[in-house]
Amino acid sequence: MKLLRYGPEGAEKPGVLDSAGRIRDLSAVIADVAGPTIADFAWARGLDIESLPLVEGTPRFGACVAGTGKFICIGLNYADHAAESGLEVPPEPVVFMKATSAIVGPNDNVIIPRGSVATDWEVELGVVIGKKAKYVSQAEAMDHVAGYCVINDVSERDFQTKRSGQWTKGKSCDSFGPTGPWLVTRDEVADPQNLAMWLNVNGVTKQNGSTVTMVYGVAYLVSYLSQFMTLHPGDIISTGTPPGVGLGFKPPQYLKAGDVIELGIEGLGTQKQMVVADD
């Protein structure tokens with residue numbers, strides 16, 4: 001299934017795409033696309049999607065999962081991206097957190113924070129946890145995944161690397177986590193380690209990669225993270241980005257108000273954001 005949340009910010013309703021790619025309302029079936037409903041898909045057994053109410057028009061998409069407790073990010077997880085950053089591939093995954101308040105819909109505006117001179121883009125594969133995971137093995141790990149989504153891990157590079165301390169403050173500004181449009185359930189993604197991914201700015205291709213070059217794969221990451229913290233349904237792991245981020249250009253290229261970002265991952269949908277200045 002391709003699950004989604006649609007409607008005004010703060011009043012989103014649960015939905016699902018039908019076979020023709022139209023939105024069907026799930027409100028009579030589940031309260032929301034969130035931890036409790038993706039922890040147990042019993043409600044979906046025998047569900048006739050085509051009989052659900054059709055949602056007319058083109059409503060706003062919200063983030064594809066609600067109530068996320070942890071937004072965990074993996075840094076330098078593509079060898080070619082590490083190279084463009086002038087850094088070595090780490091011997092273990094680089095783990096940092098992104099504030100959940102950064103999460104927005106896939107087509108909502110990206111807001112350049114006050115004082116920013118280096119706001120950057122990163123297309124990433126998001127992994128949504130569906131089953132509590134604590135000390136799980138790699139062999140068990142995929143059983144704890146509900147599905148996948150597109151994430152733009154928007155980053156302020158000066159906040160991230162020049163303001164001392166950890167990366168979190170360069171990753172957590174409002175709007176820095178566009179998520180969705182869909183949560184594509186695990187059964188619809190044959191191989192998460194072989195998905196094309198891309199990102200354009202103002203119609204110019206910046207990133208054109210594939211999850212095949214990911215250093216630490218999905219199963220490894222779920223298992224690895226579960227050794228340090230319990231993963232709960234609705235938690236998101238953003239798994240790193242391929243080369244082509246603004247930081248990697250010479251000279252670097254960063255976002256400015258008026259820019260348009262478009263990105264997507266094979267089978268997981270696309271996003272489009274207008275870049276605006278914070279008021």
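Just so it is clear, the structure is predicted and the values come from calculations on it, not from any experiment. Because only heavy atoms are used, hydrogens play no part in the values below, and waters and symmetry mates are left out as well, while side chains stay in. For the single chain, residues carry numbers from 1 onward in sequence order.
- Between Thr211 atom OG1 and Leu125 atom CG the span is 6.5 Å, to the nearest 0.5 Å.
- The side-chain heavy atoms of Val218 and Tyr148, taken from C-beta on, include a pair separated by under 4.5 Å.
- Comment: Arg60 engages Glu12 in a salt bridge, judged by a side-chain N to carboxylate O separation of less than 4.0 angstrom.
- Classification of Lys131 and Glu140 as a salt-bridged pair fails, no side-chain N sitting under 4.0 Å from a carboxylate O.
- One finds the CG atom of Asn107 at 11.5 Å from the CD1 atom of Ile261 (value rounded to the nearest 0.5 Å).
- Tested against Val123, the residues Asn200, Thr241, Asp153 include a single side chain to side chain contact (heavy atoms under 4.5 Å, CB included) partner, Thr241.
- By the 30° and 60° cut-offs, the orientation of the rings of Tyr224 relative to Tyr220 is parallel.
- Side-chain contact between Met97 and Ile72 is present, with at least one heavy-atom pair separated by less than 4.5 Å.
- For the side chain to side chain donor-acceptor pair (under 3.5 Å) test with Gln273, the passing option among Asn152, Asn109, Asp259 is Asn152; the others fail.
- Cation-pi geometry between Lys206 and Phe249 is met: the NZ or CZ atom falls under 6.0 Å from the ring centre, inside 45° of the normal.
- Rounding to the nearest 0.5 angstrom, the gap separating the CG atom in Leu255 from the CG atom in Asn202 is 8.5 Å.
- Between Leu26 and Leu3 there is a side-chain heavy-atom pair separated by less than 4.5 Å.
- Salt bridge Arg5/Asp32: present, at least one basic N to carboxylate O contact under 4.0 Å.
- Gln160 and Ser155 form no side-chain donor-acceptor contact under 3.5 Å, judged by distance and modelled atom types alone.
- Other residues, nucleotides and ligands place no more than 12 heavy atoms under 6.0 Å from the NZ atom of Lys132.
- Leu231 has its side chain out of reach of His144: every pair of non-hydrogen atoms, C-beta onward, lies at least 4.5 Å apart.
- Atom CD of Gln227 has more than 12 neighbouring heavy atoms from other residues, nucleotides or ligands inside a 6.0 Å radius.
- Side-chain contact check for Glu156 versus Lys169: every heavy-atom pair is 4.5 Å or farther apart.
- Between Val29 and Thr37, every side-chain heavy-atom pair lies at or beyond the 4.5 Å cut-off.
- Side-chain contact between Val95 and Phe228 is absent, with no heavy-atom pair separated by less than 4.5 Å.
- For Tyr135, there are no ring pair (Phe, Tyr, Trp, His ring centres under 6.0 Å) partners, not counting sequence neighbours.
- Just one of Thr270, Leu199, Val201 meets the side chain to side chain contact (heavy atoms under 4.5 Å, CB included) condition when paired with Leu263; it is Leu199.
- By the neighbour-count criterion of 12 heavy atoms within 6.0 Å, atom CD of Glu9 is sparsely surrounded, having that number or fewer from other residues, nucleotides or ligands.
- With a 4.5 Å cut-off on side-chain heavy atoms, Ser238 and Lys98 do not count as touching.
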